[in-house]
Amino acid sequence: MNFSRFAHHYFMTNDNVRLHYIDEGMGTPLVLLHGWSQSSEQYKYQIAALRDKYRVIALDMRGHGLSEKVSYGFKIYRLAKDVNELLCYLNLYNAVVLGHASGAAVMCCYWELFQSERLAKLILVDKIPVLTSNPTWSPTEVASYGSFVDSASSMEFVNTLLSEQADLAKTILLLRQITQNIQPEDRQLLIDTSCALSNPEAAVLLYNEFHQDCRNVIGRIDIPTLIIVGRGSPTPVSSQIWMKTMIKGSQLVIFEVEEGGKHFTFIENPEKFNHVVDGFIH
């Protein structure tokens with residue numbers, strides 16, 4: 001699939017960063033937000049398949065993909081502001097926004113800043129309510145909130161991103177998040193894209209995400225919400241069940257490991273993923 005053949009556009013944020021986005025199709029706007037160290041290209045299968053039914057917009061966060069490489073603004077709340085500026089720039093209302101991992105964390109910050117402004121529905125893919133655990137939490141609380149690192153291990157990984165081992169660490173992390181059945185070109189795309197993000201900025205952004213606590217935001221989401229997770233993902237399914245109980249009327253779809261159910265379900269099983277998304281939007 002030739003990613004360059006999609007319609008590429010740019011806009012300027014209010015702090016003078018040139019952000020890249022794909023804009024294909026017509027109809028209900030479906031905005032796609034990638035995760036930490038990835039890019040809009042990870043959604044190539046969604047753009048190609050869903051643009052016949054929706055206006056599919058995929059944003060490259062600052063410093064990622066084809067967006068401008070800057071050294072500031074690598075905070076989850078700043079990325080949420082960038083998303084709001086994109087929606088305003090395109091004059092979009094009643095948008096369906098899909099966020100993967102840190103892209104979903106961005107939408108939790110968006111909700112705290114703007115609530116449902118310009119939104120119709122949310123799709124949260126592999127969203128962990130709190131990444132870093134509190135040592136006073138019970139095992140049940142840790143499972144519910146999805147925390148899988150403590151303060152020491154989170155800082156250890158952040159510091160690794162500031163060392164000569166950064167690209168190796170990114171690669172090892174990605175290989176743990178995909179199945180052995182992923183297409184080789186897709187595996188290489190994820191690795192290359194992650195390694196292309198400046199390591200100092202990657203460290204700052206990940207540090208910030210490690211310290212986001214979305215628990216009291218999740219319970220205030222009051223628009224239709226779809227939660228998607230892979231059974232074999234680093235995101236504990238228990239945390240997604242907790243989120244479903246917190247978001248009234250939300251839906252939960254679990255991809256089993258044998259159907260591409262790790263961290264990148266939309267790449268490993270795009271046919272089912274697109275079908276689920278399409279059904280939710282309707």
Side-chain angles (χ1 to χ4, degrees), residues 30-36 38 42-43 46 76 80 96-112 116 119 121-134 137-150 154 173-174 176-179 206 209-270 272-281:
L30 171 60
V31 181
L32 307 175
L33 306 178
H34 61 78
W36 174 81
Q38 286 302 311
Q42 73 172 28
Y43 290 121
Q46 284 64 55
I76 298 295
V96 180
V97 181
L98 183 157
H100 173 235
S102 62
V106 167
M107 288 314 297
C108 285
C109 281
Y110 184 104
W111 191 271
E112 195 149 47
S116 60
L119 306 180
K121 297 182 178 183
L122 274 178
I123 303 174
L124 305 177
V125 183
D126 272 43
K127 167 70 188 99
I128 294 178
V130 191
L131 277 167
T132 304
S133 64
N134 184 325
W137 289 342
S138 69
T140 298
E141 288 175 308
V142 171
S144 295
Y145 308 149
S147 309
F148 62 77
V149 295
D150 57 21
S154 66
L173 178 63
L174 272 170
R176 291 172 178 168
Q177 296 173 338
I178 57 179
T179 75
L206 190 60
E209 186 180 0
F210 274 143
H211 295 86
Q212 292 293 317
D213 185 346
C214 298
R215 289 174 296 165
N216 67 349
V217 179
I218 288 168
R220 291 185 281 117
I221 295 173
D222 60 5
I223 60 175
T225 301
L226 171 64
I227 301 164
I228 301 175
V229 68
R231 181 79 66 184
S233 170
T235 301
V237 171
S238 56
S239 68
Q240 307 304 281
I241 294 171
W242 180 83
M243 284 173 52
K244 185 179 186 301
T245 66
M246 296 298 294
I247 304 174
K248 186 177 180 180
S250 61
Q251 303 174 36
L252 171 61
V253 175
I254 302 172
F255 282 63
E256 300 301 331
V257 175
E258 58 269 22
E259 52 182 2
K262 292 197 83 172
H263 195 50
F264 293 91
T265 49
F266 46 89
I267 290 177
E268 297 215 45
N269 193 345
K272 178 178 177 179
F273 189 92
N274 296 343
H275 177 74
V276 168
V277 168
D278 183 33
F280 174 69
I281 297 175

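Treat the numbers as computed from the prediction; the structure is a model and nothing was measured.
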Distance, nearest 0.5 Å, that separates [atom1] of [X] from [atom2] of [Y]:
X	Y	atom1	atom2	result
Thr245	Gln240	OG1	CD	11.0 Å
Gln251	Lys121	CD	NZ	8.0 Å
Ile254	Ile228	CD1	CD1	11.5 Å
Glu209	Cys109	CD	SG	9.5 Å
Asp213	Ser147	CG	OG	8.5 Å
Thr179	Asn269	OG1	CG	10.0 Å

Exercise. Can you say whether the rings of Phe273 and Phe266 are parallel (under 30°), tilted (30 to 60°) or perpendicular (over 60°)?
Worked result: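 Ring orientation of Phe273 relative to Phe266: perpendicular.
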For this session: Using the six-membered ring wherever Trp is involved, compare the ring planes of Trp242 and Tyr145 and label them parallel, tilted or perpendicular (cut-offs 30° and 60°).
Result: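 Ring orientation, 0 to 90° scale: perpendicular.
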Exercise. Please walk me through it: do Ile227 and Lys127 pass side-chain contact (heavy atoms from CB on, under 4.5 Å)?
Worked result: CA-CA 8 Å; Ile227 301 164; Lys127 167 70 188 99; over 6 Å; no
Under a 4.5 Å cut-off applied to non-hydrogen side-chain atoms, are [X] and [Y] in contact?
X	Y	result
Ser133	Phe148	no
Gln38	Leu174	yes
Trp137	Val130	yes
Arg231	Val257	yes
Phe280	Pro224	yes
Met107	Leu33	yes
Ile178	Glu268	yes
Pro129	Ile218	yes

Exercise. side-chain contact (heavy atoms from CB on, under 4.5 Å) with His100: which of Val125, Val106, Leu32, Leu124?
Worked result: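 That would be Val125; it is the only one of Val125, Val106, Leu32, Leu124 passing the side-chain contact (heavy atoms from CB on, under 4.5 Å) with His100.
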Problem set entry | Residue pair Val229 / Asp126: nearest heavy atoms and the distance that separates them |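 Reported closest heavy-atom pair: CA-OD1, 3.3 Å.
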Problem set entry | Shortest non-hydrogen contact from Ile223 toward Ser116 |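 Heavy atoms of Ile223 and Ser116 come nearest at CG2-CB, 4.0 Å.
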For this session: Applying salt bridge (charged side-chain N to carboxylate O under 4.0 Å, His left out), name anything that partners Lys272, two or more places apart in sequence or on another chain.
Result: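 For Lys272, the residues satisfying salt bridge (charged side-chain N to carboxylate O under 4.0 Å, His left out) (neighbours in sequence not counted) are Glu259.
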For this session: Can you establish whether the number of heavy atoms outside His211 located under 6.0 Å from its atom NE2 is more than 12?
Result: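 Counting other residues, nucleotides and ligands, NE2 of His211 exceeds 12 neighbours.
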Exercise. In terms of heavy-atom contacts, does CZ of Arg220 have more than 12 from other residues, nucleotides or ligands at under 6.0 Å?
Worked result: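 For Arg220, atom CZ is crowded (more than 12 foreign heavy atoms under 6.0 Å).
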Can you check whether [Y]'s main-chain N or O pairs, donor with acceptor, with [X]'s side chain at less than 3.5 Å?
X	Y	value
Ser154	Phe210	no
Lys262	Arg176	yes
Thr225	Ser250	no
Asn274	Pro270	yes
Ser144	Thr140	yes

For this session: Starting from the C-alpha separation in whole Å, work towards a yes-or-no answer on side-chain contact (heavy atoms from CB on, under 4.5 Å) for Val96 and Leu98.
Result: CA-CA 7 Å; Val96 180; Leu98 183 157; 5.9 Å; no
For this session: Mind running side-chain contact (heavy atoms from CB on, under 4.5 Å) on Leu30 and Val277 for me, showing each step along the way?
Result: CA-CA 10 Å; Leu30 171 60; Val277 168; 4.3 Å; yes
Problem set entry | Partner set under ring-ring contact (aromatic ring centres under 6.0 Å, His included) for Tyr110, not counting sequence neighbours |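 ring-ring contact (aromatic ring centres under 6.0 Å, His included) check on Tyr110 returns Phe114.
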Exercise. By side chain to side chain contact (heavy atoms under 4.5 Å, CB included), which residues pair with Leu173, not counting sequence neighbours?
Worked result: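 Only Trp36, Phe157, Gln177 meet the side chain to side chain contact (heavy atoms under 4.5 Å, CB included) criterion with Leu173.
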